[in-house]
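Let me begin by presenting the structure, written as structure tokens, before commenting on it.
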Amino acid sequence: MMHTLRRSARGIRLLLLAAASLLASVAMPAGTATATTAVPPSKTVRVYWLRPSDVPFDQRYPDGIARVMREVQRYYKQELGRTFTLNATVVEVVTGDHPRRWYETTPNGPERYWWEVFNMQQELRRKLGLGAPDSRWLNVGEISAEGPGAGGGGGNGWVILSGHDADGAAGSNGAMNRWYGGMVHELGHAFGLPDSSRTDGTPMSASFYDYPNTHFSAQQKTAIRNGPYGSFLS
């Protein structure tokens, strides 16, 4: 789910950091979503919304991101006959250590396209003790921050997305099918699929913009089932 398919040439350069073992603590208003305090079971898809310290909590974001993930879960079941498991708390809300501008202006990675999402990923890894890849979970992170040229992508057991994707999931950035199709595409990368070299009707090409009128090829289905996270499907 990104402005373009630019990551196909360079992939996703996920940075290795020392892992910590504590979950982030998040202060939320009464009656709103809270971060999970228990470690979820393994072989699930963990999903995070990182809210910079100066971004107000908005229930539309965890609710919307959860809605996107449930639709993608349904689509994978339709296409593969099996699908991934989401946790009881679908979206773990994490309060960032920094204001929004810090994530947008602190260089991280080979180009500005990656700054927000790499800064987010490093913070999630440190706070939650996550690897890249991580044999326990597939990880999906979205951050409410987006500077000029920001994007995101998927690979190596992760999906990392910036502000326009979070806004889209929350219902404020166009038709929902765009965000459903984009997450199908990026999660395909997390499962190990490459971009398709042409618009071929599969969600690993620009055909994901036509969601739900797109389908995995037989080769892509086999690659997901036999890939590093194929055992996560049930």
Side-chain angles (χ1 to χ4, degrees), residues 1-7 10-20 22-29 32-36 46-69 90-132 139-156 158-174 178-179 182-183 186 189-190:
M1 284 175 156
M2 47 198 286
H3 289 307
T4 70
L5 297 177
R6 286 177 287 175
R7 72 207 164 285
R10 58 186 174 271
I12 183 92
R13 300 178 181 91
L14 297 171
L15 307 179
L16 298 176
L17 298 175
L22 298 179
L23 292 173
S25 61
V26 182
M28 294 294 174
T32 62
T34 58
T36 183
R46 289 184 73 174
V47 187
Y48 320 96
W49 173 44
L50 193 146
R51 178 181 66 85
S53 59
D54 59 346
V55 172
F57 178 79
D58 187 332
Q59 188 69 47
R60 293 178 302 163
Y61 284 82
D63 287 352
I65 295 168
R67 186 163 52 248
V68 168
M69 295 308 302
V90 177
V91 179
E92 300 173 51
V93 182
V94 180
T95 299
D97 291 338
H98 308 282
R100 178 173 182 152
R101 182 166 173 77
W102 183 91
Y103 297 97
E104 297 173 345
T105 60
T106 301
N108 196 339
E111 56 187 302
R112 191 158 191 162
Y113 185 88
W114 299 109
W115 290 3
E116 286 89 344
V117 293
F118 278 174
N119 285 327
M120 169 188 66
Q121 188 194 36
Q122 288 184 5
E123 186 170 327
L124 290 173
R125 290 188 61 191
R126 174 176 55 82
K127 286 184 170 182
L128 304 180
L130 305 172
N139 293 287
V140 176
E142 301 198 25
I143 182 171
S144 288
E146 182 170 352
N156 212 27
W158 276 82
V159 174
I160 46 178
L161 302 171
S162 59
H164 63 281
D165 292 277
D167 291 343
S172 60
N173 203 359
R178 159 67 180 86
W179 310 108
M183 184 59 77
E186 300 301 354
H189 285 314

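Heavy-atom basis, side chains included; hydrogens, waters and symmetry copies ignored.
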Checklist entry - Just wondering, do Val159 and His189 contact through their side chains at under 4.5 Å, heavy atoms? => result no

Checklist entry - Can you tell me how far the CD1 atom of Ile143 sits from the CG atom of Leu124, to the nearest 0.5 Å? => result 8.0 Å

Checklist entry - To the nearest 0.5 Å, what is the distance between CD (Gln121) and CG (Asn156)? => result 8.5 Å

Item to check | Reported CG-to-CD distance for the pair Asn139 and Glu92, which is rounded to 0.5 angstrom | outcome: 8.5 Å

Checklist entry - Nearest heavy-atom pair of Ala145 and Pro52: which atoms, and what distance? => result CB-CG, 4.4 Å

Checklist entry - Are the side chain of Ser53 and the backbone of His98 linked by a donor-acceptor contact shorter than 3.5 Å? => result yes

Next on the checklist: Going by the rule salt bridge (Lys or Arg N to Asp or Glu O under 4.0 Å), which residues pair with Asp54 if we only count those two or more places apart in sequence or in a different chain?
Outcome noted: none

Checklist entry - Would a distance-only check, ignoring hydrogens and angles, find a side-chain to backbone donor-acceptor pair under 3.5 Å from Glu104 to Glu146? => result yes

Item to check | Main-chain N/O of Gly131 paired to Trp158 side chain as donor or acceptor, under 3.5 Å | outcome: yes

Item to check | Contact summary for His164 and Ala150, nearest pair of heavy atoms | outcome: CE1-O, 4.1 Å

Item to check | Steps toward side chain to side chain contact (heavy atoms under 4.5 Å, CB included) verdict (Met69, Val140) | outcome: CA-CA 10 Å; Met69 295 308 302; Val140 176; 4.2 Å; yes

Item to check | Salt-bridge contact Arg60-Asp167 (side-chain N to carboxylate O under 4.0 Å) | outcome: no

Checklist outcome for this item: OG1 of Thr95 to CG of Leu50, rounded to nearest 0.5 Å, is 8.0 Å

Checklist entry - So, for Ser144 and Val55, which heavy atoms are closest and what is the spacing to 0.1 Å? => result O-CG2, 4.0 Å

Checklist entry - When you look at Tyr61 and Arg51, which way does the side chain to side chain contact (heavy atoms under 4.5 Å, CB included) test go after all the steps? => result CA-CA 10 Å; Tyr61 284 82; Arg51 178 181 66 85; over 6 Å; no

Checklist entry - What do the steps show when you test Arg101 against Thr106 for side chain to side chain contact (heavy atoms under 4.5 Å, CB included), and what is the final call? => result CA-CA 8 Å; Arg101 182 166 173 77; Thr106 301; over 6 Å; no

Item to check | Distance (rounded to the nearest 0.5 Å) between Glu186 CD and Glu142 CD | outcome: 10.0 Å

Item to check | Any residue meeting ring-ring contact (aromatic ring centres under 6.0 Å, His included) with Tyr48, in chain and number order, not counting sequence neighbours | outcome: none

Next on the checklist: Donor-acceptor check, side chain of Trp179 to backbone of Gly64, threshold 3.5 angstrom: yes or no?
Outcome noted: no

Item to check | Non-hydrogen side-chain atoms of Trp114 and Asn108 separated by less than 4.5 Å | outcome: no

Checklist outcome for this item: In terms of heavy-atom contacts, Val117 and Leu161 come closest through CG1-C, 3.5 Å

Item to check | Minimum heavy-atom distance between Tyr103 and Gly96, given as atom pair plus value | outcome: OH-CA, 3.2 Å

Next on the checklist: Please check: side-chain N/O of Asn119 versus main-chain N/O of Trp115, any donor-acceptor pairing under 3.5 Å?
Outcome noted: yes

Checklist entry - What closest approach, in Å, do Ala169 and Val68 show between heavy atoms, and which atom pair accounts for it? => result CB-CG2, 3.9 Å

Item to check | Stepwise side chain to side chain contact (heavy atoms under 4.5 Å, CB included) check, Glu123 with Asp97 | outcome: CA-CA 8 Å; Glu123 186 170 327; Asp97 291 338; 3.5 Å; yes

Checklist entry - To the nearest 0.5 Å, what is the distance between CE (Met183) and CZ (Arg178)? => result 10.5 Å

